[in-house]
Structure formats: C-alpha cells, structure tokens
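Notes follow the structure.
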Amino acid sequence: MPLHVPPAPAPALRSVRTALGSPTAVREARTPSLRAAQGPATPELPLPVHVLDRITAQGLSATRLAGWRFLIRCGDRAVAAAETMLTPDGWAFSHFFEGPYLASTERALQQAESLPLPYQPRLLSVPGLYMLTLWLHGDVTADAAEGHPAATDLLVPLAPAPPGIFAHRPHHVTELLPVLTLRATPVPLLGSPA
C-alpha cells in the first residue's frame, strides 16, 4: 500500500527552499554531501517530527510536534535532510544535517511501502533513549501535526537503535511502548529509597 505522506505547512517548505537557494546556508551546513552535490537539490518527503516527552507506567504517552523534516534529494538519492521548527513568527528553517538516520529513514520508508495497510508516515523521537522511529499512523486522514501513537500504529526503530531494540523491525505501539517504558524509567541506585 502506498504511504499517505502528509503535506507540510507551506511556510516550512518555503523556508527549506529558501535555505537551499542560499549559498551561505548550504556552505555553512555541516553536511559535506550537500555541499558537494552536483545539480539541483530538492526537498521531498516531508515528515512531521513528534517528540515523546514522557512514557507513563501504564504505557500512555504524551507527544508534541517539534518540527518538519524534509529529505533533500539530488538526483536519485537523498544527500541530506532539512529540519524546520515552529517559532513565534511561524515555521522557519532550522538546519541541514546528514548521518545514519538519513539512510535509515529512507530504508524504513521503503519497507513501509510494502506493508498491506495504508499508513501516514511520521517521525517519533524518544529523547530519553536517544531513539528515533518511523511512526506509521493508521489514520491516513488525520492532521499530521496532532495526535499520539494509537495501539494499532506501527513504530519502526531507526538505526542506530538502543541496545536490545532492533532497527527496522516494525512493532505495534502496544508491543514497543512497554519496552520503552522499562528503558526510560530510571533504576533506583542501591541503598537509595525506592
């Protein structure tokens, strides 16, 4: 089933296009692949980036929209990503980057294309575990800027994943949240009150 990629806010896309057209922004970016890219670079596959701020003992979660991420393509491959953030004046370009999450995101999106059900792709960051997942939301008509992971949604950990959590293996939210809850809960030190 094809993925239903949500449209990014127009100002977010505009800010990334403006940054791509700025020699200063591209030259100062810590992305050698983007600086060395031959030909036009275009922002594609906008993904809302949600942050999982807390995981409760019951497995319930609170998420918030932190930005939109675009894969920057040059020819047939992604050479970098661009991140936008919400400011008091609206959506603004934040930064370009590259690294392992770029290839891992592309791989996870390709895997998701072969799934039998339609999904709306999002990214879910779990800062407490230094973890990023592709969040496949089952309601393809939902507002991509809102919501929290539903029990039937899939989470695909991106590489590098925390120890004991396998990258690129889809998990239902109900399977992965308990694992994340255990990992994110601080363990009391020996001799400290429980």
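Worth saying up front: this structure is predicted, and the values here are computed from it rather than measured.
Hydrophobic cluster membership differs between Val51 and Tyr101, with clusters built from Ile, Leu, Val, Met, Phe, Trp and Tyr side chains linked at under 4.5 angstrom.
Screening residues 5-36 for ring pair (Phe, Tyr, Trp, His ring centres under 6.0 Å), with sequence neighbours left out, gives no hits. Pairs passing the ring pair (Phe, Tyr, Trp, His ring centres under 6.0 Å) check and including a residue from residues 24-47, sequence neighbours excluded, do not occur. Among residue pairs with one or both ends in residues 130-149, none qualify as salt bridge (Lys or Arg N to Asp or Glu O under 4.0 Å); sequence neighbours excluded.
In this structure, Thr63 and Arg122 have side chains that are not in contact, with every pair of non-hydrogen atoms separated by 4.5 Å or more. Within the 4.5 Å cutoff, the side chain of Thr105 has heavy atoms near those of the Leu47 side chain. At least one side-chain heavy atom of Leu136 sits less than 4.5 Å from a side-chain heavy atom of Pro121.
When all heavy atoms are compared, the tightest approach of Phe97 to Glu83 is CE2-OE1, 3.6 Å. Nearest approach of Gln120 to Ala142, heavy atoms of both residues: NE2-O, 2.9 Å. Here the closest heavy-atom approach between residue Thr42 and residue Glu44 is recorded as OG1-OE2, 3.4 Å. Across all their heavy atoms, Pro149 and Leu124 have their closest contact at CG-CD2, 4.1 Å. Of all the heavy atoms in Leu102 and Ala80, the pair that sits closest is CD1-O, 3.4 Å. The two residues Ser15 and Thr84 make their nearest non-hydrogen contact at OG-CG2, 3.7 Å.
Surrounding CZ of Arg77 are at most 12 heavy atoms belonging to other residues, nucleotides or ligands under 6.0 Å away.
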Report all side-chain donor-acceptor pairs from residues 157-174 shorter than 3.5 Å, counting only partners two or more places apart or in another chain.
{"residue": "His168", "atom": "ND1", "partner": "Gln111", "partner atom": "OE1", "Å": "3.3"}
{"residue": "His168", "atom": "NE2", "partner": "Ser104", "partner atom": "OG", "Å": "2.9"}
{"residue": "His171", "atom": "NE2", "partner": "Arg169", "partner atom": "O", "Å": "3.2"}

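A salt bridge is absent between Arg35 and Glu98: the closest approach of a Lys/Arg side-chain nitrogen to an acidic carboxylate oxygen does not fall below 4.0 angstrom.
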| said: Is there a side chain to side chain contact (heavy atoms under 4.5 Å, CB included) between Val5 and Leu109? Walk through the geometry before answering. | reply: CA-CA 10 Å; Val5 178; Leu109 286 166; over 6 Å; no

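Distance NE2/His137 to OG1/Thr152: 8.5 Å, rounded to 0.5 Å. In this structure, NE2 on His148 lies 9.0 Å from CG on Asp153, to the nearest 0.5 angstrom. Here the CG atom belonging to Leu115 is positioned 7.5 Å from the CG atom belonging to Leu3, to the nearest 0.5 angstrom.
Judged by distance alone, the side chain of Ser22 and the main-chain N or O of Thr18 form no donor-acceptor pair under 3.5 Å.
Summarising the hydrophobic clusters (Ile, Leu, Val, Met, Phe, Trp, Tyr; side-chain heavy atoms under 4.5 Å, direct or chained), the residues clustered with Val79 are Leu13, Val16, Leu20, Val26, Leu34, Leu65, Trp68, Phe70, Ile72, Leu86, Trp91, Phe93, Phe96. Listed by chain and number, the hydrophobic cluster partners of Met85 come to none, as no ILVMFWY side chain reaches under 4.5 Å of it.
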